[in-house]
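Let me begin by presenting the structure, written as structure tokens, before commenting on it.
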Amino acid sequence: LFYPLLEYVQNGEAFLQQRSAKPVVAALSAVGVVPSVGAFITLIFLVIIAALILKYGVFVVSGRVYNPLMRDLRDEAFHSILFSHLFYFLGASSAQLSQIIDSEVDYVGSAFTYAAIIASSTLSILVYGLFALFISWKLTLLVGSVGALRYAVSGLFIRRIQAHGDEYGR
């Protein structure tokens with residue numbers, strides 16, 4: 001979204017006649033907005049606000065599923081402890097028993113929360129990527145290539161650091 005704004009600020013009305021601006025101008029015209037600096041800035045803020053609302057919605061829906069899930073898992077763990085054999089109480093420590101009710105259930109809940117965050121982040125990246133492709137596919141491919149290169153180089157450094165840590169840490 002900043003690319004059309006920067007181009008419009010630098011080139012003015014000439015930007016609106018360029019071939020790369022046609023999709024943006026067509027999208028703004030379709031909703032009855034005249035392209036201007038204010039329109040581009042407003043569009044940027046609307047996208048940010050929409051993303052925040054979407055993220056809030058994901059957390060609300062996740063909470064509505066997470067809380068009953070955690071309650072059911074704790075009830076099941078407590079039930080399985082209460083109705084287990086006496087040997088289980090004599091052979092296990094109280095820390096192990098409390099860990100079943102507390103920590104292991106929290107691990108499942110955390111996994112559910114992370115899955116919801118991963119799904120919403122993937123959807124956001126997909127929407128932003130498609131919108132960026134709509135605005136400027138060349139710039140999107142360039143930024144995507146730079147991002148992939150940065151990811152590959154970071155992975156290479158991380159693997160080397162881990163190898164050095166394994167070699168010298170033992």
Side-chain angles (χ1 to χ4, degrees), residues 1-6 23-24 27 40-170:
L1 290 174
F2 286 110
Y3 177 71
L5 174 63
L6 293 175
V24 177
F40 286 122
I41 291 174
T42 303
L43 185 62
I44 290 169
F45 281 114
L46 286 176
V47 168
I48 291 170
I49 290 169
L52 291 174
I53 290 171
L54 176 66
K55 193 169 284 195
Y56 175 75
V58 166
F59 285 123
V60 168
V61 170
S62 176
R64 290 184 187 266
V65 173
Y66 175 82
N67 293 334
L69 173 72
M70 295 297 287
R71 184 188 65 237
D72 291 345
L73 286 173
R74 282 200 173 92
D75 288 347
E76 182 180 332
F78 191 70
H79 182 270
S80 66
I81 289 173
L82 283 181
F83 292 104
S84 60
H85 296 292
L86 185 60
F87 173 76
Y88 188 78
F89 289 103
L90 298 175
S93 69
S94 60
Q96 288 174 328
L97 296 174
S98 64
Q99 184 177 1
I100 289 173
I101 295 175
D102 189 38
S103 299
E104 293 183 11
V105 173
D106 284 339
Y107 294 150
V108 173
S110 295
F112 175 78
T113 301
Y114 291 139
I117 290 170
I118 288 170
S120 66
S121 298
T122 303
L123 182 64
S124 295
I125 289 170
L126 180 68
V127 169
Y128 288 144
L130 289 175
F131 192 73
L133 280 172
F134 177 71
I135 291 175
S136 172
W137 66 271
K138 291 178 186 176
L139 183 64
T140 303
L141 290 179
L142 176 68
V143 170
S145 300
V146 169
L149 179 65
R150 184 186 70 94
Y151 180 76
V153 169
S154 297
L156 177 68
F157 284 134
I158 289 170
R159 283 191 296 278
R160 286 191 179 180
I161 288 170
Q162 287 174 345
H164 285 297
D166 289 342
E167 181 180 336
Y168 295 111
R170 293 181 184 179

(request) Could you grab the distance from atom CG of Leu156 to atom OH of Tyr151, nearest 0.5 Å is fine? (result) 12.5 Å
(request) First locate atom OG of Ser121, then atom CG of Leu126, and finally report the distance between them rounded to the nearest 0.5 Å. (result) 12.5 Å
(message) Within this structure, what is the CZ-OG distance for the pair Arg150 and Ser145, rounded to the nearest 0.5 Å?
(response) 13.5 Å
(message) If you define the side chain from C-beta out and look only at heavy atoms, does anything of Val60 sit under 4.5 Å from Arg64?
(response) yes
(request) Can you sort out the partners of Ser124 under side-chain contact (heavy atoms from CB on, under 4.5 Å), two or more places apart, ordered by chain and number? (result) Leu54, Tyr128
